[in-house]
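Below is one structure, written out as structure tokens; the observations come after it.
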Amino acid sequence: MVSDNTTLSIYNTLSGKKERFQPIEPNKVRMYVCGMTVYDYCHIGHARVMVGFDVITRFLRHIGYDVTYIRNITDVDDKIFARAAENGEPFEDLTARFIDAMHEDERALSVLPPDQEPRATAHMGQIIAMIETLIEKGYAYAAENGDVYYAIDKFEAYGRLSKKKVEDLQAGARVDVEVQKQNPLDFALWKAAKEGEASWDSPWGKGRPGWHIECSAMSTCCLGDTFDIHGGGPDLKFPHHENEIAQSEGATGKTYVNVWMHAGAVRVNKEKMSKSLGNFFTIREVLEKYSAEVIRYFLISSHYRSQVDYSESSLAEAQSALDRFYQAIRGLEPEDFEGKELSSEYTERFKAAMSDDFNTPEALAVMFELVKALNIARQKEASDQVRILAATLREMGDVLGILQTDPEQYFRGTTTDGMPDAEIEAWILRRKTARENKDWAESDRIRDVLAEQGIVLDDGKGGTTWRRQ
RNA sequence: GGCGCGAUAGCAAAGCGGUUAUGCACUGGAUUGCAAAUCCACGUAGGCCGGUUCGACUCCGGCUCGCGCCUCCA
């Protein structure tokens, strides 16, 4: 149950401002997010959408909403066919492989699985039915070549989401106009099969769906004609989401979506990270150097709507910041986190920050203030206070999908190369003896030996701990 | 060209019409065999020009610069 005093505001692309969120059904949120076209590995831009909407889902659930989160998989597409042909393999093999890879990346990033991941290939019936409805209602027409197009002139609100005027779009329209279209801005709902290409039977002959129609068909199928939130990456606003609205509202005659949410772009050297520019870094590539949690922290350290610059130094900085959180809980026992009592002072501020359009930077600021209080409490050995603050911090971390790792494991890292743990422990034991004998020269020599291997020793009250740099 | 978004201290990044954001980095101190971590101390930053106001980083207008979309892209 969502408490009565909860006021959640969300920026709606449709209105261009933050609005008080009002679900269609009390306590329930139905959300659809456009997912990946699976012909290659996910990059950091994809990670932003995955993590962003994961945090949104976690927070909505945290404040009591029953969330149905749907994120589709596009497994029919020109690029998929092209890549499969290049590889000389059936397209299903290609997509199966990259769906697995995507799930691996997601698990690494602690992204909770959506409730459903509908695939275009599994919804041909609904897709064809929606196209038929659009033709019946006069929003679409079948061309002689077997393609079916959406007639954008028939849909009055076309351009409302992306704030574009049809005339302006026409002025800038590309010249390679397909003659079969009534208006150059009309888009394909169904594409006639090309020679030797995978295809499905339809009333218009063998073919396959256009890109936009699958989302209209699958979202409606999973969530109903009208639902609460539709999200996606920044480059989907136009034409993809604009076309979705035209299709769904044309077919159902009802409002398609109440709140449209778009993530900000990830940039590299001031340019948008994108497949076409080729300036992308895949998630697994970055994982070779930084932990998934660092990537996740980097992505939530700026607001989901703002653009972020991806760079080595921003990841290094994310790591330093995350280290501070883990230092604060390092050495605490599991039971220190189990307390039922939380600090309302901090939880209220955290909730207020997150309720303001999911302001994660503000939420993190609250957590850092809590960390300071926790460090002071630990210094004073105020164990009750330590337990309350540690439990509070851990719960906030859970909402953001961070701080759930054992601190020692976090600092030791997961690399299997380098000096084995047992050898490190052996060195530490030798150093312990040297220190007991006040043999500082030997003690420092061992520290240097390990430092060469990237191992940093920390002498604490309870003994020496170590971490990999 | 059309439409939209942004410009905050060394770097990153938020809120807010008047009171320390926060993190990283830096400097001094406490602590430590030495370190690390931690704590204490230390920064009035808000592209430029006008306007509204008792008071503006925060509201309004103009300008400059940057970015995004207008084509497949998360």
Side-chain angles (χ1 to χ4, degrees), chain A residues 13 16 33-37 40 42-50 52-53 71 74 77-79 82 159 162-165 167-174 176 185 211 231-240 242 262-267 270-277 280 297-298 301-303 305-309 311 313-314 316-328 330-331 352-353 356 359-369 371-372 374-376 378-380 411 434-435 438-441 443-444 447-448 451 456-461 464-467 469:
Chain A
T13 306
V33 172
C34 288
M36 263 55 75
T37 300
D40 207 342
C42 295
H43 63 233
I44 300 298
H46 297 116
R48 183 134 201 236
V49 173
M50 289 187 202
F53 285 97
R71 195 188 57 208
T74 297
D77 173 86
D78 283 340
K79 285 183 175 159
S162 53
K163 318 240 180 317
K164 291 181 189 304
K165 292 195 186 101
E167 310 92 81
D168 295 342
L169 287 167
Q170 268 160 345
R174 294 294 188 260
D176 55 323
L185 298 178
W211 173 36
D235 33 23
L236 262 33
K237 216 183 287 178
F238 186 90
H240 185 59
E242 200 69 72
H262 292 93
V266 175
R267 309 192 305 173
K270 312 271 179 194
E271 264 187 338
K272 192 181 79 169
M273 183 183 288
S274 75
K275 292 243 179 98
S276 43
L277 285 172
F280 60 90
Y297 181 90
F298 161 68
S301 64
S302 59
H303 186 87
R305 273 192 290 118
S306 63
Q307 46 189 15
V308 283
D309 266 293
S311 68
S313 62
S314 46
E317 198 178 295
Q319 178 144 47
S320 303
L322 196 55
D323 283 353
R324 180 166 167 82
F325 280 126
Y326 274 107
Q327 283 293 165
R330 194 178 194 182
D356 180 16
N359 193 335
T360 51
E362 183 70 28
L364 288 169
V366 174
M367 290 169 71
F368 278 115
E369 286 182 42
V371 159
K372 184 165 205 158
L374 174 57
N375 285 331
I376 291 170
R378 289 188 71 177
Q379 223 162 42
K380 289 180 180 164
F411 286 114
R435 292 181 75 214
K438 299 207 187 305
D439 184 355
W440 307 127
S443 168
D444 291 345
R447 188 197 285 285
D448 291 344
V456 180
L457 299 182
D458 303 321
D459 298 326
K461 274 185 190 162
T464 300
T465 52
W466 59 275
R467 63 195 154 94
Q469 257 189 337

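Keep in mind it's a predicted model, so treat the numbers as computed, not measured. First the proteins, then the strands, lettered A, B, ... as listed; each starts at 1.
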Does a side-chain heavy-atom distance below 4.5 Å link [X] with [Y]?
X	Y	value
A:T74	A:M36	no
A:F325	A:V371	yes
A:H46	A:M273	no

Strictly below 4.0 Å: does [X] bring a side-chain N or O up to OP1 or OP2 of [N]?
X	N	result
A:K372	B:C40	yes
A:K272	B:C69	yes
A:R324	B:C39	yes

Nearest whole angstrom, please: distance from the [atom2] of [N] to the [atom1] of [X].
X	N	atom1	atom2	value
A:F298	B:C11	CZ	C1'	14 Å
A:I44	B:A74	CD1	C1'	12 Å
A:K275	B:C73	NZ	C1'	7 Å
A:R447	B:A37	CZ	P	11 Å
A:H240	B:A74	NE2	C1'	10 Å
A:D168	B:G1	CG	P	14 Å
A:R267	B:G68	CZ	P	7 Å
A:D235	B:G68	CG	P	11 Å

How is [X] classified with respect to the nucleic acid when contacts are heavy atoms under 4.0 Å: base, sugar-phosphate, or nothing?
X	value
A:G16	nothing
A:M50	nothing
A:R330	nothing
A:D458	base
A:R305	nothing
A:G45	base
A:L457	base
A:V33	nothing

Given the [atom1] atoms of [N] and [M], what is the spacing between them in whole Å?
N	M	atom1	result
B:G55	B:A12	P	34 Å
B:C3	B:U53	P	32 Å
B:U27	B:G43	C1'	11 Å
B:G18	B:G23	P	22 Å
B:U38	B:G4	P	47 Å
B:C65	B:C73	C1'	27 Å
B:U31	B:A41	C1'	15 Å
B:U52	B:C42	P	38 Å

* Is RNA chain B part of any stem, that is, at least 3 consecutive Watson-Crick or G-U pairs with both distances under 3.5 Å, and where? ->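 The stems are B:1-7 with B:64-70, B:10-12 with B:22-24, B:27-30 with B:38-41, B:47-51 with B:59-63.
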Can you find a donor-acceptor pair, distance only, under 3.5 Å between [X] side chain and [N] base?
X	N	value
A:H262	B:A74	no
A:D459	B:C34	yes
A:D444	B:G33	yes
A:K79	B:C72	yes

* Asked: Does a side-chain N-to-carboxylate-O contact under 4.0 Å join A:D40 and A:K275?
  ->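 No, no charged N to carboxylate O under 4.0 Å.
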* Asked: Can we say A:D459 and A:R447 salt-bridge, meaning some charged N sits less than 4.0 Å from an Asp/Glu carboxylate O?
  ->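 Salt bridge flag = yes for A:R447 with A:D459.
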Can you name the nearest heavy-atom pair linking [X] to [Y], along with the distance?
X	Y	value
A:A363	A:A353	N-CB, 3.7 Å
A:Q170	A:L185	CG-CD1, 3.7 Å
A:A434	A:S443	CB-N, 4.2 Å
A:S162	A:E242	OG-OE1, 2.5 Å
A:R48	A:Q307	NH1-CA, 4.1 Å

* Regarding A:T37 and A:D77, is there a side-chain donor-to-acceptor distance under 3.5 Å anywhere? ->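 No.
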* To do: Evaluate the ring planes of A:F368 and A:Y297, with Trp represented by its six-membered ring, and classify them as parallel (under 30°), tilted (30 to 60°) or perpendicular (over 60°).
  =>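 The arrangement is perpendicular - the two ring planes meet at more than 60°.
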Do any N or O atoms of the protein come closer than 3.5 Å to N or O atoms of nucleotides 12-18 of chain B, and which pairs are they?
{"from": "B:A14", "atom 1": "OP1", "to": "A:H303", "atom 2": "N", "distance (Å)": "2.8"}
{"from": "B:A14", "atom 1": "OP1", "to": "A:S306", "atom 2": "OG", "distance (Å)": "3.4"}
{"from": "B:A14", "atom 1": "O3'", "to": "A:N359", "atom 2": "ND2", "distance (Å)": "3.3"}
{"from": "B:A14", "atom 1": "O2'", "to": "A:N359", "atom 2": "ND2", "distance (Å)": "3.4"}
{"from": "B:A14", "atom 1": "O2'", "to": "A:E362", "atom 2": "OE1", "distance (Å)": "2.7"}

Look at the side chain of [X] and decide which nucleotide, out of [options], has an atom nearest to it.
X	options	value
A:S276	B:A74, B:C34, B:C72	B:C72
A:K164	B:C69, B:G68, B:U38	B:C69
A:F238	B:U22, B:C67, B:C69	B:C69

* Position toward the 5' end of RNA chain B (nearest nucleotide), A:A321 or A:S443 ->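 Nearest nucleotide further toward 5': that of A:A321.
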* Asked: Between A:S320 and A:Q379, which has a closest nucleotide on RNA chain B that is more 5'?
  ->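 The answer here is A:S320.
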* **Face-on cation placement of A:R330 at A:F411 ring, 6.0 Å and 45° thresholds** =>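 The answer is yes; both the distance and angle limits are met.
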